[in-house]
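These notes concern the structure reproduced below.
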Amino acid sequence: MSTLTITGPFAPPFGVGPWTNGRKRWTVDEFHDIYSLPKFANRKLVLLDGEILEMPNPNAPHDSGLGLAIATVTSLFGPGFWVRGQMALRLSQATDPMPDIAVVPGSPRDYPQQPTTALLVIEVSDSSVSIDTGIKAQLYAAVGIADYWVVDLNNKLVIVHRDPRPDPNSPHGVSYANVTSVTASQSVSPLAKAGSIVNVADLLP
């Protein structure tokens with residue numbers, strides 16, 4: 001993971017925006033403008049609290065894990081839900097983590113604008129476990145995402161984050177009170193699909 005340096009004709013201004021410590025805090029609209037530029041094609045960018053980060057390009061295990069997770073979750077939720085893969089999720093004016101999976105109610109026709117929350121968010125993680133369980137978890141908790149999973153490909157488990165609560169020790173004032181590691185021999189049930197079962201092994205390549 002690296003902080004993206006934007007220079008030349010792609011540098012600010014995209015309009016006037018706030019600056020912190022001499023660096024611009026990007027808005028979601030500006031971030032999406034940047035993402036659409038040919039220069040950044042095939043590069044995985046995220047916007048976290050006003051900072052654009054470039055994530056490592058997906059490798060074969062990540063692609064397999066993402067495919068398995070999408071297939072499993074799509075089959076589980078079925079009609080009446082949209083399983084969005086690596087699409088925008090506007091958590092705030094300064095945050096779009098572009099999650100690997102975000103499950104929202106309804107169908108694509110119900111979303112003329114990009115969603116701002118989700119019933120379930122999943123990140124498939126190998127080289128980015130620290131950011132997925134760190135700043136991303138803080139930001140998901142801060143906006144009240146009730147069910148957040150990190151599929152940890154390295155350790156063959158799913159880290160389930162639930163129960164966002166005020167936390168004065170968190171940089172964003174909220175953190176998940178319940179964080180549980182679920183191993184490959186175990187299962188987990190999405191909060192939005194009570195009684196349903198996801199075998200962790202089905203999410204792992």
Side-chain angles (χ1 to χ4, degrees), residues 1 44-48 53 55-78 80-91 95-108 111 114-164 175-205:
M1 177 194 67
K44 187 177 180 181
L45 309 180
V46 298
L47 178 69
L48 304 179
L53 303 179
M55 308 301 290
N57 286 328
N59 54 26
H62 182 277
D63 289 344
S64 296
L66 177 60
L68 289 169
I70 289 176
T72 299
V73 173
T74 299
S75 175
L76 180 73
F77 276 86
F81 299 90
W82 183 17
V83 179
R84 294 167 56 89
Q86 296 186 329
M87 298 181 187
L89 185 63
R90 290 175 174 255
L91 298 187
T95 296
D96 181 355
M98 300 289 287
D100 283 327
I101 297 173
V103 181
V104 297
S107 75
Y111 292 88
Q114 291 147 336
T116 58
T117 189
L119 300 172
L120 171 65
V121 171
I122 301 176
E123 298 284 6
V124 179
S125 185
D126 47 5
S127 59
S128 61
V129 172
S130 61
I131 191 169
D132 291 335
T133 58
I135 179 64
K136 279 193 178 182
Q138 296 165 14
L139 292 169
Y140 287 134
V143 298
I145 299 292
D147 209 4
Y148 170 49
W149 302 0
V150 177
V151 180
D152 182 345
L153 300 180
N154 298 319
N155 295 302
K156 304 296 183 182
L157 50 81
V158 173
I159 307 169
V160 178
H161 300 72
R162 288 176 175 166
D163 196 9
S175 65
Y176 286 104
N178 188 340
V179 180
T180 305
S181 293
V182 186
T183 66
S185 63
Q186 298 175 309
S187 61
V188 60
S189 297
L191 294 178
K193 270 288 190 177
S196 60
I197 297 294
V198 174
N199 294 316
V200 170
D202 292 341
L203 305 176
L204 300 170

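Positions are given from 1 along the sequence. The shown structure was predicted, so the numbers you read here are calculated from the model rather than taken from an experiment.
- Under the rule for a salt bridge (charged side-chain N to carboxylate O under 4.0 Å, His left out), the partners of Arg90 that lie at least two apart in sequence or sit in another chain are Asp29.
- The shortest non-hydrogen separation linking Phe81 to Pro105 is CD2-CA, 4.1 Å.
- Counting only heavy atoms from C-beta outward, the side chains of Ile122 and Pro99 never approach each other to under 4.5 Å.
- Distance CE/Met98 to CG/Leu48: 11.5 Å, rounded to 0.5 Å.
- The CG atom of Leu45 sits 9.0 Å away from the CG atom of Leu53 when rounded to the nearest 0.5 Å.
- Contact detail for Ile197 and Ser189: the closest heavy-atom pair is CD1-OG, 3.4 Å.
- Residues Thr183 and Val200 are not in side-chain contact: their nearest non-hydrogen atoms beyond the backbone lie 4.5 Å or more apart.
- The heavy-atom pair separating Ala69 from Val124 by the smallest distance is CB-CG2, 4.5 Å.
- Under the salt bridge (charged side-chain N to carboxylate O under 4.0 Å, His left out) criterion, Asp63 pairs with no residue at all, not counting sequence neighbours.
- In this structure Ser196 satisfies the side chain to side chain contact (heavy atoms under 4.5 Å, CB included) test together with Leu76, Pro190, Lys193, sequence neighbours excluded.
- Across Val182 and Ser187, no two heavy atoms sit closer than the pair CG1-O, 3.6 Å.
- Here the straight-line distance linking atom OG1 of Thr72 with atom CG of Asn199 works out to 9.0 Å at 0.5 Å rounding.
- Minimum heavy-atom separation, Asn59 to Pro61: OD1-CD, 3.2 Å.
- In this structure, NE2 on His161 lies 10.0 Å from CG on Asn178, to the nearest 0.5 angstrom.
- With a 4.5 Å cut-off on side-chain heavy atoms, Val103 and Val83 count as touching.
- Two residues are said to be in side-chain contact when any heavy atoms from C-beta on lie closer than 4.5 Å; Met87 and Tyr111 fail this criterion.
- Distance OH/Tyr140 to OG1/Thr117: 10.5 Å, rounded to 0.5 Å.
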For residues 142-155, which side-chain donor-acceptor pairs fall under 3.5 Å, sequence neighbours excluded?
residue : atom : partner : partner atom : Å
Asp147  : OD1  : Trp149  : NE1          : 2.9
Asp147  : OD1  : Arg162  : NE           : 2.6
Asp147  : OD1  : Arg162  : NH2          : 3.2
Asp147  : OD2  : Arg162  : NH2          : 3.4
Asp147  : OD2  : Leu191  : N            : 2.9
Tyr148  : OH   : Asp132  : O            : 2.6
Asp152  : OD1  : Asn154  : N            : 3.1
Asp152  : OD1  : Asn155  : N            : 3.2
Asp152  : OD2  : Asn155  : ND2          : 2.8
Asn154  : ND2  : Asp126  : O            : 2.7

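- In this structure, the side chain to side chain contact (heavy atoms under 4.5 Å, CB included) partners of Ser64, at least two apart in sequence or on a different chain, are Pro205.
- Counting heavy atoms from C-beta on, the side chains of Pro115 and Leu89 come closer than 4.5 Å.
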| message | Quick one, Leu68 with Leu204, criterion side chain to side chain contact (heavy atoms under 4.5 Å, CB included). Give me CA distance, side-chain angles, the key distance, then yes/no. | response | CA-CA 7 Å; Leu68 289 169; Leu204 300 170; 5.8 Å; no
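- To the nearest 0.5 Å, atom CD1 of residue Ile70 and atom OG of residue Ser75 are 13.5 Å apart.
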| message | If you apply the rule side chain to side chain contact (heavy atoms under 4.5 Å, CB included), what do you find for Met55 with Ile131, and how did you get there? | response | CA-CA 10 Å; Met55 308 301 290; Ile131 191 169; 3.6 Å; yes
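- When all heavy atoms are compared, the tightest approach of Ala192 to Phe77 is CB-CE2, 3.9 Å.
- Evaluation of the side chain to side chain contact (heavy atoms under 4.5 Å, CB included) rule for Gln86 yields Lys44, His62, Leu66, Asp100 as partners, not counting sequence neighbours.
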